[in-house]
Amino acid sequence: MTTTPSASTHRVQIEYCTQCRWLPRAAWLAQELLTTFETELGELSLKPGTGGVFVVRVDDEIVWDRRDQGFPEPTAVKRLVRDRVAPGRSLGHSER
């Protein structure tokens with residue numbers, strides 16, 4: 001497998017609570033991010049956690065924490081990820 005010179009190394013991690021059964025929500029958000037940022041992300045991981053955790057990190061920086069901000073709408077997370085991996089890029093209809 002070859003990598004193009006423009007391939008990104010940005011990493012996104014979604015940590016979710018297994019006790020709360022939030023895997024489907026985390027997987028759905030992961031799919032949304034991978035679809036939107038397919039050329040900007042080098043990796044997206046799902047990290048099982050406990051205690052009600054639902055945290056989204058970009059390059060090890062927390063951009064969303066359910067404890068402080070509630071559950072995110074995908075558009076809100078996409079904006080935060082975009083601001084870090086593709087500043088200035090339009091998200092199309094999602095931004096209206």
Side-chain angles (χ1 to χ4, degrees):
M1 182 167 129
T2 60
T3 306
T4 61
S6 62
S8 178
T9 58
H10 291 288
R11 296 175 53 240
V12 172
Q13 179 188 75
I14 302 171
E15 184 176 3
Y16 64 95
C17 180
T18 57
Q19 296 167 314
C20 302
R21 306 279 189 231
W22 288 340
L23 174 59
R25 185 185 295 251
W28 176 65
L29 182 57
Q31 177 183 324
E32 288 289 315
L33 293 173
L34 286 169
T35 301
T36 302
F37 302 105
E38 57 188 17
T39 60
E40 289 86 4
L41 298 181
E43 177 183 339
L44 191 146
S45 65
L46 298 176
K47 180 180 179 183
T50 58
V53 68
F54 196 92
V55 174
V56 180
R57 294 178 180 87
V58 177
D59 298 328
D60 297 321
E61 174 191 357
I62 294 174
V63 298
W64 196 278
D65 188 334
R66 182 201 64 82
R67 289 187 178 128
D68 297 330
Q69 299 157 287
F71 272 112
E73 289 295 320
T75 302
V77 175
K78 285 180 186 182
R79 283 188 193 118
L80 293 167
V81 171
R82 183 265 323 265
D83 291 348
R84 285 151 180 85
V85 304
R89 176 180 162 189
S90 171
L91 293 176
H93 73 279
S94 294
E95 290 197 295
R96 294 186 190 139

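Counting side-chain heavy-atom gaps under 4.5 Å among Ile, Leu, Val, Met, Phe, Trp and Tyr, Trp28 is found in no cluster with other residues.
At least one donor-acceptor pair closer than 3.5 Å links the side chain of Trp64 to the backbone N or O of Gly70. For the pair Gln19 (side chain) and Gly52 (backbone), a donor-acceptor distance under 3.5 Å is absent. For Arg89 (side chain) and Arg82 (main-chain N/O), no donor-acceptor pair under 3.5 Å exists by modelled atom type. Of the possible donor and acceptor atoms, one in the side chain of Gln69 sits under 3.5 Å from a partner among the backbone N and O of Asp65.
Evaluation of the salt bridge (Lys or Arg N to Asp or Glu O under 4.0 Å) rule for Arg11 yields Glu43, Asp60 as partners, not counting sequence neighbours. Residues that satisfy the salt bridge (Lys or Arg N to Asp or Glu O under 4.0 Å) test with Arg66, not counting sequence neighbours, are absent from this structure.
Between Val63 and Arg84 the shortest side-chain heavy-atom distance falls below 4.5 Å. Residues Leu91 and Thr75 have side chains not in contact (no heavy-atom distance under 4.5 Å, counting atoms from C-beta outward).
Residues Val56 and Phe71 share a single hydrophobic cluster, defined by chaining ILVMFWY side chains whose heavy atoms lie under 4.5 Å apart. Side-chain heavy atoms closer than 4.5 Å link hydrophobic residues (I, L, V, M, F, W, Y) into clusters, and following such links, even through other members, never connects Val55 to Val81. In the hydrophobic cluster analysis, where Ile, Leu, Val, Met, Phe, Trp and Tyr join through side-chain heavy atoms closer than 4.5 angstrom, Tyr16 is grouped together with Leu80. Hydrophobic cluster membership is shared by Leu34 and Phe37, with clusters built from Ile, Leu, Val, Met, Phe, Trp and Tyr side chains linked at under 4.5 angstrom.
No more than 12 heavy atoms of other residues, nucleotides or ligands shown are found within 6.0 angstrom of CD on Glu73.
Distance check, rounded to the nearest 0.5 Å: CD of Gln13 to NZ of Lys47 gives 5.0 Å. The distance from the CG atom of Leu33 to the NZ atom of Lys78 is 7.5 Å, given to the nearest 0.5 Å. If you take CG on Leu23 and CZ on Arg25, they are separated by 12.0 Å, rounding to the nearest 0.5 Å. How far CG of Leu44 is from CD of Glu32: 12.0 Å, rounded to the nearest 0.5 Å.
The nearest pair of heavy atoms linking Arg57 to Glu15 is NH1-OE1, 3.0 Å. Across all non-hydrogen atoms, the minimal contact from Val77 to Pro72 is CG2-CB, 3.3 Å.
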Begin with the C-alpha distance, continue with both residues' side-chain angles, and end with the deciding distance and a verdict on side-chain contact (heavy atoms from CB on, under 4.5 Å) for Thr50 and Thr18.
CA-CA 6 Å; Thr50 58; Thr18 57; 4.0 Å; yes
